[in-house]
Amino acid sequence: MSNFNSILQSLNDPQREAVQHIDGPLMVIAGAGSGKTRVLTHRVAYMLEQKINPYSILALTFTNKAAKEMKERVVQLVGDSLAKAVMMGTFHSVFYKIIRIEAEKLGFTRNVTVYDTDDSKSLIRNIVKEMDLDPKIYSASIILNRISSAKSNLLNHEDYAANPEILAMDGDSGRPFISDIFMRYNIRLKQSDAMDFDDLLYWMNVLLRDFPDVLYKYQQRFQYVLVDEYQDTNFAQYMIVKKLVAVYRNLCIVGDDAQSIYSFRGANIQNILNFKRDYPEAKIIKLEQNYRSTQNIVNAANAVIKNNKDQVYKEVWTDNDEGQKINLFQTNSDSDEAQLISNTIFEYKQNYHVSNDYFAVLYRTNAQSRAIEEALIKRNIAYVVYGGTSFYSRKEIKDVLAYFRLVINHYDEEALRRVINYPQRGIGATTVERLIVAANQNKVRIWDIVSNPQQYNLQVNKPTQERLQNFAIKIKSFSTQLTTVDAYELGLSIVKSVGIIQDLNQDKSDQDRKQNVEELLDSMKLFTEKEPESLFNEATGEIVEEYFPSLDQFLESIVLLTSEEEKKEDLTDKVKLMTIHSAKGLEFEYVFLAGLEENLFPSSLSLGSRQELEEERRLFYVGITRAKKLLTITHAATRYRFGSLQFCEPSRFLAEIPMRYINHTQKASMGKGLFYRSRGEMETQSRQSFGCPPINQIEKNKKIITERKMEAVGEPAQIDEIQVNMRVYHDKFGYGVVNQLVGDGADKKAIVLFDTVGSKTLMLKFAKLIIPK
DNA sequence: ATGGAGACCTTTTTT
DNA sequence: AGGTCTCCAT
């Protein structure tokens with residue numbers, strides 16, 4: 001193939017060496033910004049050039065975002081058809097696919113549902129209630145944490161109950177019944193034909209442990225395995241990989257121990273530190289040249305990470321310019337901090353004509369985004385917040401998805417309980433209680449009672465019995481259409497006939513929710529129109545002749561997604577706000593690190609041990625190394641937390657950055673003691689030195705925003721009145737210009753570029769656009 | 001069975 | 001501060 005040379009050409013020596021090392025174990029320690037993704041993608045491309053069967057390659061990532069990016073870049077290098085045949089995905093999504101294929105062996109069915117964290121917690125709450133335990137002591141998140149870490153270490157409820165150390169720990173914490181909850185939880189999952197996130201990895205291990213034919217099959221299939229972010233793997237993931245590669249030992253792992261920031265979730269940094277012990281013949285390559293950041297940033301990051309004891313030795317360096325020094329600011333309050341950031345962005349945009357894209361504001365906790373958002377709104381700067389409540393965990397979306405789940409799997413208890421009385425159909429809490437009692441007495445599942453109340457002699461009155469039967473009949477009637485009606489058609493008919501749209505219409509304040517449901521339906525429409533991701537039958541490797549975009553296919557494609565990936569919102573030309581965790585793997589020209597204060601960063605919850613503190617430091621390292629050109633670090637003297645004002649000390653990490661990398665002229669500090677400016681001084685100082693527009697300009701902007709809201713007058717336009725390039729007004733999004741019209745009749749959609757919120761796709765029949773006079 | 005007012009809890013990070 | 005959960009009145 002003609003790309004052959006170019007695949008190797010654009011690499012430096014160690015990168016090329018890593019790409020060409022195909023046979024046998026390989027560990028690539030990739031410093032921040034050293035071209036890790038480049039090595040991974042080029043390595044896959046190179047293997048394909050070497051005529052290795054794409055079907056025998058498995059590439060595992062940690063997040064959907066990383067998987068998607070890898071796919072796209074491999075497609076660019078070798079083209080669509082080859083790249084598509086390579087199995088690339090997150091641990092969870094890849095093994096969910098395999099589990100569905102092998103489900104019967106484990107006592108589950110092909111339709112096995114995945115419970116997300118909310119479902120798991122809700123189930124735990126139910127169990128705690130049924131056991132008559134105090135929900136304050138047995139809080140769902142604590143219990144789930146215990147269960148999750150057990151499963152990540154491949155302990156099931158029996159192992160848990162048989163482990164005296166664990167039991168003693170629970171006893172000491174005043175929660176001796178966790179082991180019983182765990183048992184009931186697992187039983188209920190199985191009854192519901194459901195798995196939680198950790199189960200996907202746990203049961204995959206069981207498959208490979210107890211079914212030699214399955215082990216053999218996937219060992220033979222995946223002769224080449226690549227793992228990204230290996231430092232983030234937990235024991236369950238580590239064992240899966242170990243078993244899969246046991247025969248061919250063609251394992252390439254890429255990672256950076258300095259960027260291990262997920263140990264709270266069971267990630268075990270020892271997996272990467274011990275790689276050489278597991279694979280003594282392994283080749284080890286270090287990528288130490290940083291292509292991303294200035295010398296000042298790289299040096300500062302190195303100096304910080306040096307304070308950690310646990311690490312693989314490496315010296316990250318760069319050929320890039322020395323660059324600007326790191327700016328360090330202290331402000332009086334969190335809102336001043338936010339204003340300072342917003343003002344600085346404003347000034348940079350004006351002085352250097354850079355777009356919003358260049359900026360990212362990173363913080364330790366999601367709660368910090370609010371103040372920053374407010375300050376950006378004041379300056380009329382477009383931004384997008386990553387993380388937070390994901391699209392798929394919004395109530396209205398979860399309601400709709402619960403219907404889909406129930407239609408596919410009637411035994412999905414969480415889905416059933418969620419929708420049995422939503423929208424209200426007169427099946428209240430009392431009836432549900434009785435259903436549960438009857439199910440327990442008869443040793444059947446709740447659905448069995450719902451669909452057959454007489455047979456089990458359920459003690460409810462006639463009308464209630466009828467309501468239950470109508471509900472069951474409706475759900476069943478949808479199920480019969482699964483193979484004949486596509487995901488969009490069936491989804492739409494469920495949402496309509498079950499009364500969700502009507503319910504959302506009733507409450508005029510719920511228009512966002514309705515729009516979200518419409519957005520979900522839009523994405524289902526796209527799903528049915530999209531070419532199938534892979535035309536391979538995963539089990540046999542044969543080309544699939546017929547592909548039908550059914551509702552269960554759709555659900556499989558989204559259950560393991562979390563917000564970002566499927567978000568249709570236009571992300572270009574917006575300042576990005578996110579936690580440092582979600583910034584891992586990303587880079588930006590100008591980065592703000594906000595809230596560098598004791599008890600916030602490092603978090604007060606991480607001060608218990610050296611290991612925890614070192615993880616916080618690695619997090620700081622990750623934050624610093626996201627910046628390409630300029631890093632600005634801020635911290636506030638006071639901050640609102642949990643609704644009350646708290647005084648904050650500067651983070652201990654600040655003292656770990658040598659003074660020579662910090663901008664003295666702007667730094668409000670002398671040695672370790674940072675001095676506090678009065679509010680007035682801070683305002684004057686920041687305004688003058690950043691060349692910010694005077695206050696009255698800000699007031700003017702504010703006024704413009706208010707005026708826009710005021711102008712919401714006039715009758716909504718008819719669908720056909722809306723034309724391309726027309727200026728329109730939307731209740732929520734304000735003014736914008738129609739960019740494009742899609743579809744006809746009732747389903748006609750407009751893509752509108754709004755002045756403040758960017759591009760949105762709107763269903764015209766719902767959007768009620770106004771043509772301003 | 002439903003809805004509203006008040007108590008209460010949160011804030012680490014994610015598949 | 002804001003969202004969720006619980007309890008009580010209807």
Side-chain angles (χ1 to χ4, degrees), chain A residues 60-67 89-96 114-122 125 129 135-136 139-142 144-145 148 151-152 195-202 229 232-234 236-237 260-267 334-335 362-371 374 386-390 392-395 421-433 461 463-464 467 507 558-565 578-584 595 599-607 612 615-616 618-619 622-623 639-646:
Chain A
L60 295 168
T61 66
F62 217 70
T63 66
N64 291 301
K65 202 158 58 185
T90 65
F91 276 89
H92 289 84
S93 69
V94 166
F95 298 131
Y96 180 43
V114 177
Y115 274 14
D116 67 15
T117 308
D118 286 347
D119 297 319
S120 297
K121 283 184 184 168
S122 153
R125 270 192 290 269
K129 202 182 284 173
K136 288 189 187 86
S139 95
S141 44
I142 290 175
L144 185 59
N145 259 330
S148 169
K151 286 183 177 179
S152 309
M195 294 187 184
D196 66 17
F197 284 143
D198 301 300
D199 276 338
L200 296 174
L201 306 175
Y202 176 84
E229 309 276 20
D232 287 338
T233 51
N234 63 28
Q237 292 163 322
S260 163
I261 54 176
Y262 282 108
S263 75
F264 67 92
R265 228 171 67 190
D334 48 353
S335 56
L362 311 181
Y363 35 75
R364 181 65 181 72
T365 66
N366 279 313
Q368 290 168 256
S369 75
R370 182 171 315 249
E374 282 168 10
Y386 283 68
T389 349
S390 90
Y392 293 107
S393 53
R394 282 162 207 258
K395 184 195 169 293
N421 198 31
Y422 175 81
Q424 283 166 12
R425 50 173 72 83
I427 306 175
T430 320
T431 309
V432 173
E433 291 278 303
N461 56 28
T464 306
R467 288 185 206 121
D507 195 344
I558 63 156
V559 276
L560 294 169
L561 288 186
T562 47
S563 69
E564 273 45 284
E565 304 76 29
M578 65 186 90
T579 62
I580 303 171
H581 278 91
S582 36
K584 190 163 90 160
N599 296 321
L600 180 61
F601 195 5
S603 159
S604 56
L605 300 172
S606 301
L607 302 176
E612 285 174 305
E615 176 142 320
E616 292 284 311
R618 291 193 292 269
L619 192 57
V622 169
R639 178 178 298 276
Y640 275 95
R641 288 184 86 188
F642 311 117
S644 66
L645 192 67
Q646 300 197 337

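Nothing here was measured: the structure is a model prediction, and the numbers come from that model. Chain A is the first sequence line, chain B the second, and so forth, proteins listed ahead of strands; every chain is numbered from 1.
There is no side-chain donor-acceptor pair under 3.5 Å between A/Glu433 and A/Thr430.
In this structure, A/Asn421 reaches the B/dT2 phosphate: one of its side-chain N or O atoms is under 4.0 Å from OP1 or OP2. Using a 4.0 Å cut-off, some side-chain N or O of A/Thr579 falls inside it from OP1 or OP2 of B/dT14. Residue A/Ser644 has no polar side-chain atom (N or O) positioned under 4.0 Å from OP1 or OP2 of C/dA1. In this model, the phosphate group of B/dT10 is not approached by any side-chain N or O of A/Ser141 to a distance below 4.0 Å at OP1 or OP2.
Proximity note for A/Thr430 (side chain, C-beta onward) versus B/dT11, B/dA1, B/dT15: the nearest is B/dA1. Here B/dT11 is the nucleotide among B/dT11, B/dT15, B/dT13 with the atom lying nearest to any side-chain atom of A/Ala367. Set against B/dT14, B/dT11, C/dG2, the side chain of A/Arg265 has B/dT14 as its closest nucleotide. Closest to the A/Thr431 side chain, of the nucleotides B/dT11, B/dT14, B/dA1, is B/dA1. For A/Tyr262, taking side-chain heavy atoms from C-beta onward, the closest of the listed nucleotides B/dT15, B/dT11, B/dT14 is B/dT14.
For the pair A/Ile261 and A/Gly426, both in contact range of DNA chain B, the more 5′-proximal nearest nucleotide belongs to A/Gly426. Mapping A/Thr464 and A/Ser606 onto DNA chain B by nearest heavy atom places A/Thr464 at the nucleotide closer to the 5' end.
A/Arg639 places its CZ atom 12 Å from the C1' atom of B/dT11, with the value rounded to the nearest Å. Note: CG (A/Asn234) to P (B/dT14) measures 16 Å, nearest angstrom. To the nearest angstrom, P of C/dA1 lies 14 Å from CD of A/Gln646. Computed from coordinates, the A/Asn145 CG to B/dT14 P distance equals 14 Å when rounded to whole Å. As rounded to whole Å, 14 Å separates atom C1' of C/dG3 from atom NZ of A/Lys121. Whole-Å rounding puts the A/Asn64 CG to B/dT14 C1' distance at 11 Å. Between A/Leu605 atom CG and B/dT10 atom C1' there is a gap of 11 Å when expressed in whole angstrom units. Atoms CD (A/Gln237) and P (B/dT14) sit 16 Å apart, rounded to a whole Å.
Looking at A/Asp196, its side chain does come within 3.5 Å of a backbone N or O of A/Asp199 through a donor-acceptor pair. Here the side chain of A/Tyr115 pairs no donor or acceptor atom with the backbone of A/Phe197 at under 3.5 angstrom. At distances below 3.5 Å, at least one donor-acceptor pair connects side-chain atoms of A/Gln237 with backbone N or O atoms of A/Asn234.
C/dT4 and B/dT13 have their P atoms separated by 15 Å, given to the nearest Å.
Across every non-hydrogen atom of A/Ala67 and A/Thr61, the tightest pair is CB-OG1, 3.4 Å.
Using a 4.0 Å heavy-atom distance criterion, A/Phe62 is classed as a sugar-phosphate-only contact. Residue A/Phe91 is classed as having no contact, given no heavy-atom separation below 4.0 Å to the nucleic acid.
The side-chain heavy atoms of A/Asp232 and A/Lys584, taken from C-beta on, include a pair separated by under 4.5 Å.
With hydrogens and angles ignored, a donor-acceptor pair closer than 3.5 Å exists between the side chain of A/Thr117 and the base of B/dT15.
B/dT13 has its base stacked against the ring of A/Phe264, the centroids being under 5.5 angstrom apart at an interplanar angle below 30°.
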